[in-house]
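Along the sequence shown, the residues carry numbers beginning at 1. The analysis underlying the following values was restricted to heavy atoms, covering all of them including side chains, and did not include hydrogens, waters or symmetry mates.
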Amino acid sequence: MNGLPGLFGSGVSETIELKRLIQYLVDKSDATQVLELPTEFVSFITKLYDVLQDEINDFEYWDKANDLKEQYRADIRFGTQGNVDASGSVINKLLHVMNQKIDVALNKAFRLGEDIYPTYLVHEVTKYDPILIEDNPKIGNYGLPTVRPKEFKMRALPLYLEAPARALKIMKNTQHKKTMFQRVKASNIYDRELQVYKTSEFLDAESNEIGRGRSFTKGWQERESNFLHMTYKYLLGLLKGGLYSEFYEEIKTNLTCFMDPSVYGRSTLENSSFIATSINPDPSVRGQGWVARLSGSTAEMLSIWSYMMFGKQPFVLVNNELQLQMRPLLHKEFFKNNELSFTFLGTTKVTYINSQNIDTYHESFHIEKYELDGVIKQNLSSEDVLRLRDGQVKELKIYF
């Protein structure tokens, strides 16, 4: 949505992505490692760590942290003074306090949205000091007097689908995820007539300062339409978040392949940029798919398909040997006569034999045996798995 171009705003979606990045670094960081880093960067993170440790209010933290950031940018504007050795333990400690800081922020955001993460926050300056030069106002780049903020009043914009879609991938509490799913579906993000998700709730009360999405007709383009890239991202979030029953219920009306082609208006095997929703003032376009530009929905659909068919990580290293780890997330309705087939890595026909007719995400799921090019095996050797990965296996049957 191009942020909040006319306002001083912030995005919870970016905070969620920062949480993912920092958590990854925390998991991978090695306290015993020595890193060679620019002198100015080491100075910056050392001071930032001290600020993160200070018992100060949110405004003071924001003010001090941004002063450090601006000073760091000024210091490296024309290059650095060279590198110095930095202890991995120092980096590790910084990552942990950053992680804790973001957790506090995300918990506040979750409460603010009443169990739904808001996507956009607006910050209005309520107190400020004028910046003076010899008792005269300092004029900024826009020809206006500049000020130093002293206090903000924050409010959330109407709810958008984006932050919940991203949050599902990092939330640990299953009940919180279920609650958020239920709250999103009960909100005006959900189009009850078409049974699809919209980009946001109603934006009538907002001005064009919130971004270009506000300028479109209701239920069209980026404004309160079913933007497939975002809807598919939300569906992928349900799948990654372990809400399997909810995922399989929602795809019945939200994946184009299950839609009524006479309403959708194009091949249901083809994604659109967006689908006009039921609040569009023109009844003749409601439910129809439109291609205004390229859509990211195809990439999301490929991710959804791969998670459904074989899971997040089909190959793993165990004791330095390659092993196959097929963990499909399939509802039993997807099996015909207890079988389902797909092409793996472009070359190998894989067939699942689901004799017990169970959902493969059920806790009772396990693989009993394999059939590799007609040869029955209880387990696959690392050589078998290498051949499979290299496209040298024509057909693989897996019995549950």
- Task: Check step by step if salt bridge (Lys or Arg N to Asp or Glu O under 4.0 Å) holds for E162 and R166.
- Result: CA-CA 6 Å; E162 182 167 0; R166 294 178 184 273; 2.9 Å; yes

- Item | Same apolar cluster (I L V M F W Y, side chains within < 4.5 Å links), F258/V196 | yes

- Message: Atom CZ of residue position F59 - does it have more than 12 heavy atoms of other residues, nucleotides or ligands inside 6.0 Å?
- Response: yes

- Query: How about S200 and L161: do any of their side-chain heavy atoms sit closer than 4.5 Å?
  - Reply: no

- Under the 6.0 Å and 45° cation-pi test, does K369 pair with Y399? yes

- Item | Over-ring placement of K240 relative to F247, 6.0 Å and 45° cut-offs | no

- Query: At what distance, to the nearest 0.5 angstrom, does CD1 of I16 lie from CG of L168?
  - Reply: 9.0 Å

- Item | E339 and K336 ion-paired at < 4.0 Å | no

- Query: Is there a donor-acceptor contact under 3.5 Å linking the side chains of N226 and T231?
  - Reply: yes

- Task: Would you kindly confirm whether V34 and I91 end up in one hydrophobic cluster when ILVMFWY residues are joined by side chain heavy atoms under 4.5 Å apart?
- Result: no

- Task: Verify whether one side chain among Q71 and D75 offers a donor that lies under 3.5 Å from an acceptor in the other.
- Result: yes

- Item | No-hydrogen, no-angle side-chain donor-acceptor test under 3.5 Å, Y197 and E250 | yes

- Do R266 side-chain atoms and G289 backbone N/O form a donor-acceptor pair below 3.5 Å? yes

- Item | Student check: side-chain heavy atoms of L235 and N254 closer than 4.5 Å | yes

- Query: Does atom NZ of K349 have more than 12 heavy-atom neighbours, drawn from other residues, nucleotides or ligands, at distances under 6.0 Å?
  - Reply: no

- Message: Quick check against the 3.5 Å criterion: does T256 have a side-chain atom that pairs as donor or acceptor with the backbone of T268?
- Response: yes

- Output yes when a side-chain donor or acceptor of T146 lies under 3.5 Å from a complementary backbone atom of K138, and no otherwise. yes

- Any side-chain heavy atom of F365 sitting closer than 4.5 Å to one from P328? yes

- salt bridge (Lys or Arg N to Asp or Glu O under 4.0 Å) between R111 and E114: does it pass, once the steps are laid out? CA-CA 5 Å; R111 293 195 300 271; E114 297 180 349; over 6 Å; no

- Message: If we ignore hydrogens and angles and just use 3.5 Å, is the side chain of R192 paired with the main-chain N or O of A186 as donor and acceptor?
- Response: yes

- Give a yes or no on whether Q81 atom CD has more than 12 heavy-atom contacts from other residues, nucleotides or ligands under 6.0 Å away. no

- Note on the structure: So CE of M301 and CH2 of W305: to nearest 0.5 Å the spacing works out to 9.5 Å

- Task: Could you tell me the separation between the CG atom of L157 and the CG atom of L7, rounded to the nearest 0.5 Å?
- Result: 7.5 Å

- Between Y370 and K377, is there a cation-pi geometry (under 6.0 Å to ring centre, at most 45° from the normal)? no

- Query: When the ring centroid of F400 is compared with that of H366, is the distance short of 6.0 Å?
  - Reply: no

- Query: Is there side-chain contact between T39 and N83, with at least one heavy-atom pair below 4.5 Å?
  - Reply: no

- Query: F344 versus M326: any side-chain heavy-atom pair under 4.5 Å?
  - Reply: yes

- For V184, does its backbone N or O pair with a side-chain atom of S187 as donor and acceptor, under 3.5 Å? yes

- Any donor-acceptor pair under 3.5 Å linking the side chain of K185 with the backbone of Y190? no

- Could you give the distance from NZ (K150) to CG (D63), rounded to the nearest 0.5 Å? 7.5 Å

- Report, as yes or no, whether the 6.0 Å neighbourhood of atom CG on D54 holds more than 12 heavy atoms from other residues, nucleotides or ligands. yes

- Task: Report yes or no: do Q23 and D27 form a side-chain donor-acceptor pair below 3.5 Å?
- Result: yes

- Side-chain donor-acceptor contact under 3.5 Å, Y248 with D359: no

- Message: In the structure I gave you, are the side-chain heavy atoms of T360 and Y352 within less than 4.5 Å of one another anywhere?
- Response: no

- Message: Looking at S381 and D384, would you say the former's side chain and the latter's main chain have a donor-acceptor pair under 3.5 Å?
- Response: yes

- Task: Quick one: pull up CG in L203 and CD1 in I210 and give me the separation to the nearest 0.5 Å.
- Result: 4.5 Å

- Query: Can any side-chain N or O of T46 pair as donor or acceptor with the backbone N or O of V42 at less than 3.5 Å?
  - Reply: yes

- Query: Any chain of hydrophobic side-chain contacts (each under 4.5 Å) joining I170 to V26?
  - Reply: yes

- Task: Return the orientation label for the F227 and F274 ring planes: parallel under 30°, perpendicular over 60°, tilted otherwise.
- Result: parallel

- Item | Other residues, nucleotides, ligands: >12 heavy atoms within 6.0 Å of Y142 OH | no

- Query: Does the pair M230 and Y160 meet the rule for a side-chain contact (heavy atoms from CB on, under 4.5 Å), with working shown?
  - Reply: CA-CA 10 Å; M230 187 54 59; Y160 285 72; over 6 Å; no

- Message: I'd like to know if the side chain of S382 reaches the main chain of L322, judged simply by a donor and an acceptor atom lying under 3.5 Å from each other, with no hydrogens or angles considered.
- Response: no

- Item | same_hphob_cluster(Y24, L94) at 4.5 Å side-chain heavy-atom cutoff | yes

- Measure the shortest side-chain to side-chain distance between K19 and L106 over non-hydrogen atoms and say whether it is less than 4.5 angstrom. yes

- Item | Cluster check L302, Y232: I/L/V/M/F/W/Y, side chain < 4.5 angstrom | no

- Give a yes or no on this: more than 12 heavy atoms of other residues, nucleotides or ligands lie within 6.0 Å of atom NZ of K47. no

- Item | Side chain T199, main chain E222, donor-acceptor under 3.5 Å | yes

- Message: Looking only at the side chains, is there a donor atom on one of E151 and T126 sitting less than 3.5 Å from an acceptor on the other?
- Response: yes

- Between E246 and F181, the two heavy atoms sitting closest are CG-CE2, 3.4 Å

- Task: May I have the step-by-step check of side-chain contact (heavy atoms from CB on, under 4.5 Å) for L388 and L386, ending in yes or no?
- Result: CA-CA 5 Å; L388 175 66; L386 280 168; over 6 Å; no

- Message: Counting C-beta onward and ignoring hydrogens, is there a side-chain heavy-atom pair between P158 and E206 closer than 4.5 Å?
- Response: yes

- Item | Any side-chain donor near an acceptor of the partner, Y264 and S272, under 3.5 Å | yes

- Message: If we count only N and O atoms by modelled type, under 3.5 Å, do the side chains of N92 and S89 hold a donor and an acceptor together?
- Response: no

- Message: If you count every heavy atom of other residues, nucleotides or ligands that lies below 6.0 Å from Q53 atom CD, does the total exceed 12?
- Response: yes

- Query: Rounded to the nearest 0.5 Å, what separation is found between the NZ atom of K178 and the CG atom of L238?
  - Reply: 10.0 Å

- Do N280 and K218 meet the criterion of a side-chain donor-acceptor pair at a distance under 3.5 Å? no

- When you look at NZ of K93, are more than 12 heavy atoms from neighbouring residues, nucleotides or ligands closer to it than 6.0 Å? no

- Please determine if D58 and K108 form a salt bridge, counting it only when a charged side-chain N lies under 4.0 Å from a carboxylate O. yes

- Query: Should the pair E70-R77 be classified as a salt bridge under the 4.0 Å nitrogen-to-oxygen rule?
  - Reply: no

- Determine, stepwise, if the pair R223 / Q221 fulfils side chain to side chain donor-acceptor pair (under 3.5 Å). CA-CA 6 Å; R223 182 176 175 183; Q221 285 273 18; over 6 Å; no

